[in-house]
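Please read the structure below before turning to the comments.
Per chain, numbering begins at 1; letters A, B, ... match sequence-line order.
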Protein chains: 2
Amino acid sequence: MSRPPRERADAVAAVAEIFREFGFEGASLSAITARTGLGKGSLYHFFPGGKEEMAAAVLAEIDGWFTRTVFAPLRDDPDPEAAIARMLRETDAYFRSGRRICLVGAFALDGTRDRFAARIGGYFTAWRRALADAVARSGRGEAMERAEHAVLAIQGALVLARSLDDPGVFARMLARIERDLLSPETHDRPN
Amino acid sequence: MSRPPRERADAVAAVAEIFREFGFEGASLSAITARTGLGKGSLYHFFPGGKEEMAAAVLAEIDGWFTRTVFAPLRDDPDPEAAIARMLRETDAYFRSGRRICLVGAFALDGTRDRFAARIGGYFTAWRRALADAVARSGRGEAMERAEHAVLAIQGALVLARSLDDPGVFARMLARIERDLLSPETHDRPN
DNA sequence: GTCTATACAGCGATAGAC
DNA sequence: GTCTATCGCTGTATAGAC
């Protein structure tokens, strides 16, 4: 990633990290050329549409990875609890246990949101739906509510972990949503 | 806010909305002059340090508002459950039931994070600590864990509500954390 | 395919008249 | 205090040699 990428896929991965670090507006072309080792000529050869096409390619790559690794098992694995465990494990690895932010979430809060609204919405819709499906298939109630809360907690933990510079936030959140997702109780209702 | 502000405080409020919409990098001085109705001369009269000082002023204003309205009652109100109810109510109002993002969280994910790291960290530290204090004073266990999860869920719900363009996410999250915060049980542990 | 050179628009910031 | 004019710089993007 720090050495010149020979293929477009390598360039996409390198550019993703730059967007993560600086945001869409903050990621200047000079930063991108410096960090990828690619000249502007090569960059515009891979991405004729410029920065916007780079960001679109990054989002598509992220979406594809999550679809293959997380969403599809959640929907299709005959053992839904194993798929949920896998989601937790892969999510922890992907976000480096809270040390890496979610670019989709970052773009959602950014001014660039409108540009990529469809992709951003699609990503979270797919995640929530796939997780709700697994929870429901495991025989538990309130599947949609639990799934939505788990997805939102992951995003919030990434914000908080970065704000406090404390990855422990992410680990504690993962333990909690695992419990909430797999809890047999509908709820305890204090009133 | 759309008409020329006569005081610095009005300018801060107007600038805050522009940062919310475009992010720090995306909020250009020309956008700021256009939307505030203030010329560059006036802007630099109020904020000699330019954009960075504007953002610092906005963050200080947000921090002050939350300290007065939310954090202080959480710590000092003799009725901690009332303070928690107030937090939920004020938070719902402040974030317009999920239609408005948290600028502190947005800056945390942004490339501007390092510039304002102390303020961002201070804000969330204060919130988590004040809420944990109220939960503990109400006689419930696992105060820090519950408080951290509530703060993180608020941030995540704002990300998700904006991503899905569905404020309902925020309302559902508020109902859930109210339950979790006030639940008498330590937990139900399925294993 | 990759480079260097360059176009030109917009950036944040400043100066100075009023 | 507020305006307009302008600075120097960096932004994205393109052209054209190799």
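- Residue contacts shown for B:A27 are limited to sugar-phosphate atoms, with no base heavy atom under 4.0 Å away.
- Residues A:R119 and A:E52 are not paired through a salt bridge, judged by the lack of any N-O separation under 4.0 Å between the basic side chain and the carboxylate.
- Closest to the side chain of B:K40, out of C:dT2, C:dT14, D:dC3, is C:dT14.
- We find that NE2 of B:H45 is positioned 17 Å from C1' of C:dA13, with the value rounded to whole Å.
- Between A:E142 and B:R172, no side-chain nitrogen of the basic residue sits less than 4.0 Å from a carboxylate oxygen of the acidic one, so the salt-bridge criterion is not met.
- Rounded to whole Å, atom C1' of D:dT10 lies 12 Å from atom CD of B:E25.
- Among the protein residues, A:K51 comes within range of the sugar-phosphate backbone only, with heavy atoms under 4.0 Å from sugar or phosphate atoms but none that close to a base.
- In summary, of the residues considered (A:L158, A:L174, A:L164), a side chain to side chain contact (heavy atoms under 4.5 Å, CB included) with A:V169 occurs for A:L164 alone.
- At whole-Å resolution of the value, CZ in B:F22 and C1' in C:dC11 are 15 Å apart.
- Considering only side-chain N and O atoms, B:S42 lies nowhere under 4.0 angstrom from the phosphate OP1 or OP2 of D:dG1.
- Remark: C1' of D:dA13 and CG of A:L43 are 11 Å apart, rounded to the nearest angstrom.
- Protein atom CG of A:D10 is 16 Å distant from nucleotide atom C1' of C:dT2, rounded to whole Å.
- Across all their heavy atoms, A:A11 and A:L38 have their closest contact at CB-CD2, 4.1 Å.
- As a whole-Å value, the separation of A:R8 CZ from C:dG1 P is 14 Å.
- When rounded to the nearest whole Å, the span between CZ of B:F47 and P of D:dT2 equals 12 Å.
- Ion pair A:E90/A:R68 not flagged as a salt bridge, since none of the NZ, NE, NH1 or NH2 atoms sits closer than 4.0 Å to an Asp/Glu carboxylate oxygen.
- Checking the phosphate oxygens (OP1, OP2) of D:dG11, a side-chain nitrogen or oxygen of A:S30 falls inside 4.0 Å.
- With rounding to whole Å, B:L38 atom CG is found 16 Å from C:dG12 atom P.
- Nearest to the side chain of B:Y44, among D:dT2, D:dT12, C:dA13, sits C:dA13.
- At the heavy-atom level, A:G41 lies under 4.0 Å from base atoms of the strands shown.
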